[in-house]
There are 2 protein chains.
Amino acid sequence: MKLPIVVSDDSKEPIYYQIELQIKTLIVSGQLQAGTALPSIRALSHDLSCSVITTRRAYQDLENNGFIETVQGKGTFIKALESNAQMQIREEVVYSTFKKAIEESKLMGYSLKQLREISDKVFDDLAKGENQE
Amino acid sequence: MKLPIVVSDDSKEPIYYQIELQIKTLIVSGQLQAGTALPSIRALSHDLSCSVITTRRAYQDLENNGFIETVQGKGTFIKALESNAQMQIREEVVYSTFKKAIEESKLMGYSLKQLREISDKVFDDLAKGENQE
DNA sequence: TATACTGTATATAATGATATGAACACTATA
DNA sequence: TATAGTGTTCATATCATTATATACAGTATA
């Protein structure tokens with residue numbers, strides 16, 4: 001299976017991270033079903049003209065977040081999204097992402113109430129953008 | 001004026017960033033009033049046992065965020081928080097901090113609605129923590 | 001104007017993140 | 001069991017960030 005992935009050397013985001021985000025998106029949008037085998041790290045690195053280490057790093061990060069599963073000698077496979085343990089890992093990641101954003105913003109001189117207003121505005125703006133599509 | 005600042009070499013946060021956050025906190029909490037002169041970059045670097053470049057970097061970042069003002073030959077001074085231009089810069093920084101957090105979290109497979117719930121939970125938890133103090 | 005303070009700029013070292021190739025270990029199967 | 005496919009580990013190179021010392025430039029004042 002050949003993945004519709006494109007990476008850019010010019011991007012400020014590291015290559016392994018670009019790969020991660022695109023595979024995540026494919027899984028979350030349902031284009032990659034549970035059980036599907038991903039291309040081998042060698043095949044993918046060949047397609048993207050990067051090192052095996054780079055694709056490996058991307059796969060490893062995705063595994064740590066519960067999106068995929070690697071089995072030595074066999075390959076790498078999409079994991080089912082339903083597993084409670086994985087959903088919990090993911091929710092914890094999101095929770096601490098928000099927590100960090102809020103705590104850092106508090107240092108800019110805003111109260112929690114003010115920050116909530118700004119946060120609501122961002123959500124509203126993003127929702128507006130989604131509806132327009 | 002001697003600032004109540006402590007930096008740790010063991011921290012994973014860079015020293016210049018530790019200095020930034022602590023000065024920000026002092027300003028935002030009202031312990032450093034507008035017009036107050038900060039210690040010179042040399043005096044501060046001596047107190048913290050770090051290089052002049054490091055304190056300079058912290059001051060420069062704070063200036064870019066509108067918290068302080070430096071005048072060559074004279075020194076560095078706390079800026080008034082009321083200026084509209086500075087408040088706007090600061091709000092933009094907070095806005096994009098949140099936006100980035102939300103967009104990255106969306107890639108974890110959550111809808112905006114779900115993310116809003118998680119975000120609300122974080123705000124509630126933080127508010128609870130503040131009230132307990 | 002000499003001096004002793006300010007901040008500024010340049011060149012450089014040290015560290016950590018990113019990316020690499022080559023050798024290693026496991027699995028399936030001809 | 002030989003081979004060709006998987007993932008894994010190790011040593012290393014490259015690059016950006018962090019941190020440094022030193023020389024430079026502006027300001028106040030004795």
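Per chain, numbering begins at 1; letters A, B, ... match sequence-line order.
Note that the first and last nucleotides of DNA chain C, 5' to 3', having any atom under 4.0 angstrom from a heavy atom of chain A are C:dT18 to C:dA28.
Not one N or O on the side chain of B:Glu104 forms a donor-acceptor pair closer than 3.5 Å with the backbone of B:Ala101. Of the possible donor and acceptor atoms, none in the side chain of A:Glu69 sits under 3.5 Å from a partner among the backbone N and O of A:Glu63.
Between B:Ala43 and B:Pro39, the shortest heavy-atom distance links the atoms CB-CB, 4.4 Å.
Annotation: side chain to side chain donor-acceptor pair (under 3.5 Å) contacts of B:Tyr16 (sequence neighbours excluded): B:Arg57.
Contact check for B:Cys50 versus B:Ser45: side-chain heavy atoms found under the 4.5 Å cut-off.
In this structure, B:Lys79 places its NZ atom where more than 12 heavy-atom neighbours from other residues, nucleotides or ligands lie under 6.0 Å away.
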Test log, rule salt bridge (Lys or Arg N to Asp or Glu O under 4.0 Å), inputs A:Lys99 and A:Glu92
CA-CA 10 Å; A:Lys99 189 171 178 185; A:Glu92 277 165 9; over 6 Å; no
Sequence neighbours excluded and cut-off under 3.5 Å, please list the side-chain donor-acceptor pairs for residues 117-125 of chain A, or say none.
from     : atom 1 : to       : atom 2 : distance (Å)
A:Asp124 : OD1    : B:Arg116 : NH1    : 3.4
A:Asp124 : OD1    : B:Arg116 : NH2    : 2.7
A:Asp125 : OD2    : B:Tyr95  : OH     : 2.3

Using residues 22-29 of chain B as the side-chain source, report each donor-acceptor pair under 3.5 Å to any protein atom, sequence neighbours left out, with the distance given to one decimal.
from    : atom 1 : to      : atom 2 : distance (Å)
B:Gln22 : OE1    : B:Val6  : N      : 3.1
B:Gln22 : NE2    : B:Val6  : O      : 2.6
B:Thr25 : OG1    : B:Leu21 : O      : 2.8
B:Ser29 : OG     : B:Thr25 : O      : 2.8
B:Ser29 : OG     : B:Leu26 : O      : 3.3
B:Ser29 : OG     : B:Gln31 : NE2    : 3.0

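Contacts of residues 5-28 of chain A with DNA chain D (heavy atom under 4.0 Å): none.
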Dump the pairs, protein N or O against N or O of nucleotides 7-10 of chain D, anything under 3.5 Å, distances to one decimal.
from  : atom 1 : to      : atom 2 : distance (Å)
D:dG7 : OP1    : A:Thr76 : OG1    : 3.0
D:dG7 : OP2    : A:Ile41 : N      : 3.1
D:dG7 : N7     : A:Arg42 : NH1    : 2.9
D:dG7 : O6     : A:Arg42 : NH2    : 2.5
D:dT8 : OP2    : A:Arg56 : NH1    : 2.0
D:dT8 : OP2    : A:Arg56 : NH2    : 3.4

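Between the CG atom of B:Leu44 and the P atom of D:dT20 there is a distance of 12 Å, rounded to whole Å.
Linking Ile, Leu, Val, Met, Phe, Trp and Tyr whenever their side-chain heavy atoms come within less than 4.5 Å leaves A:Phe77 and A:Ile5 in two separate clusters.
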